[in-house]
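Take a look at the structure set out below.
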Amino acid sequence: MLERSVLPEDMDVSRVLPRSAFDRDPTTVARELLGALLCRRLPDGTLLVGRITETEAYLANGDTANHAHRGQTRRNRSMFGPPGHAYVYAIHACHCLNVVTEPPGVASAVLIRSIEPISGLETMRRLRRTHNLKVLTTGPGRLCMALAIDRMLDGEDMTRAARLWLAAGTPVPDRHVACTPRIGVSSAQDLLLRFVDRTTPYVSRRPPAH
DNA sequence: CGTAAGATTCACT
DNA sequence: GTGAATCTTACGA
């Protein structure tokens with residue numbers, strides 16, 4: 001299959017999201033990140049791009065699923081820093097990527113759970129050791145493996161567009177967005193803090209048809 | 001220092 | 001759907 005070498009007009013990875021985009025409550029940021037572009041520059045110059053299709057918000061207050069709900073530790077330190085930085089942690093044998101939200105001292109974040117692969121697919125396939133598009137980047141651990149994201153990128157300032165950043169994409173209209181409970185967390189199942197683009201197959205779990 | 005618990009994934013039934 | 005793999009972190013002794 002041919003590598004897509006030129007991105008579509010509305011997928012300009014230089015439209016970097018500014019810090020103000022993340023200095024807001026995580027629920028709003030999670031919703032608005034749907035459709036944005038997750039961009040990764042590898043040490044050899046390879047550019048990997050995916051369109052965000054699934055996110056989750058983790059709240060600073062009253063959210064026992066938030067790693068920071070019992071205070072700062074070595075692992076979650078990044079979440080207490082400025083908005084727009086990455087919080088990357090390891091779980092089981094995988095890594096998960098979050099973007100820190102709200103001002104320093106307010107420990108909230110948005111977990112990026114799935115992307116639709118846009119550019120750099122051959123490299124992603126090699127990193128993931130699969131040719132199956134359906135599972136290439138659908139799931140927080142899978143997308144981190146596909147984009148070579150690990151704890152080295154914890155704390156990275158994503159507004160500087162160096163190794164890892166977010167760029168504006170095509171906004172996803174409300175009628176295409178489903179809100180569901182978060183995946184893999186036992187607490188707070190009553191909160192609808194997961195946001196999914198219902199029109200794409202590139203998500204970890206499809207929400208109910210209606 | 002030992003142990004338990006995951007914001008997961010994969011192979012299987 | 002179910003269960004096992006896998007491994008880092010956190011926390012208490």
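Residue numbers start from 1 in every chain, and the chains themselves are labelled A, B, ... in the order their sequence lines are given, proteins ahead of strands. All values below come from the heavy atoms of this structure, side chains included, with hydrogens, waters and symmetry mates left out.
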Is there ring stacking between A:Y58 and B:dA7, where the centres must be under 5.5 angstrom apart and the planes under 30 degrees?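 Check passed, A:Y58 stacks on base of B:dA7.
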Measure [atom1]/[X] against [atom2]/[N] and give the value in whole Å, please.
| X | N | atom1 | atom2 | result |
| --- | --- | --- | --- | --- |
| A:N132 | B:dA11 | CG | P | 11 Å |
| A:L191 | B:dA7 | CG | C1' | 14 Å |
| A:M152 | C:dT8 | CE | C1' | 17 Å |

Return the nearest nucleotide to the side chain of [X]; candidates are [options].
| X | options | answer |
| --- | --- | --- |
| A:A90 | C:dT9, C:dT8, B:dT8 | C:dT8 |
| A:C94 | B:dT8, C:dA10, C:dC11 | B:dT8 |
| A:H92 | B:dG6, B:dA7, B:dT9 | B:dG6 |
| A:R74 | B:dA7, C:dA10, C:dC11 | C:dA10 |

Answer with base, sugar-phosphate or nothing: what part of the nucleic acid does A:R182 contact at a heavy-atom distance below 4.0 Å?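 Nothing: the residue A:R182, judged by heavy atoms under 4.0 Å, touches no strand.
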Looking at [X], I'd like to know whether one of its side-chain N or O atoms comes within less than 4.0 Å of OP1 or OP2 on [N].
| X | N | result |
| --- | --- | --- |
| A:H67 | B:dA7 | yes |
| A:R128 | B:dT9 | no |
| A:R129 | B:dT9 | no |
| A:R113 | B:dT8 | yes |

Would a 4.5 Å heavy-atom cut-off, applied to side chains only, mark A:W165 and A:E156 as touching?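 A side-chain contact under 4.5 Å is absent here.
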Does CG in A:N132 sit with more than 12 non-hydrogen atoms of other residues, nucleotides or ligands closer than 6.0 Å?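 Yes, enclosed.
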Under 6.0 Å between ring centres: does that hold for A:Y89 and A:H95?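 No; A:H95 has its ring centre 6.0 Å or more from that of A:Y89.
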Is a side-chain N or O of A:T130 found less than 3.5 angstrom from the main chain of A:L136, in a donor-acceptor match?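 Between the backbone of A:L136 and the side chain of A:T130 there is no qualifying donor-acceptor contact (under 3.5 Å).
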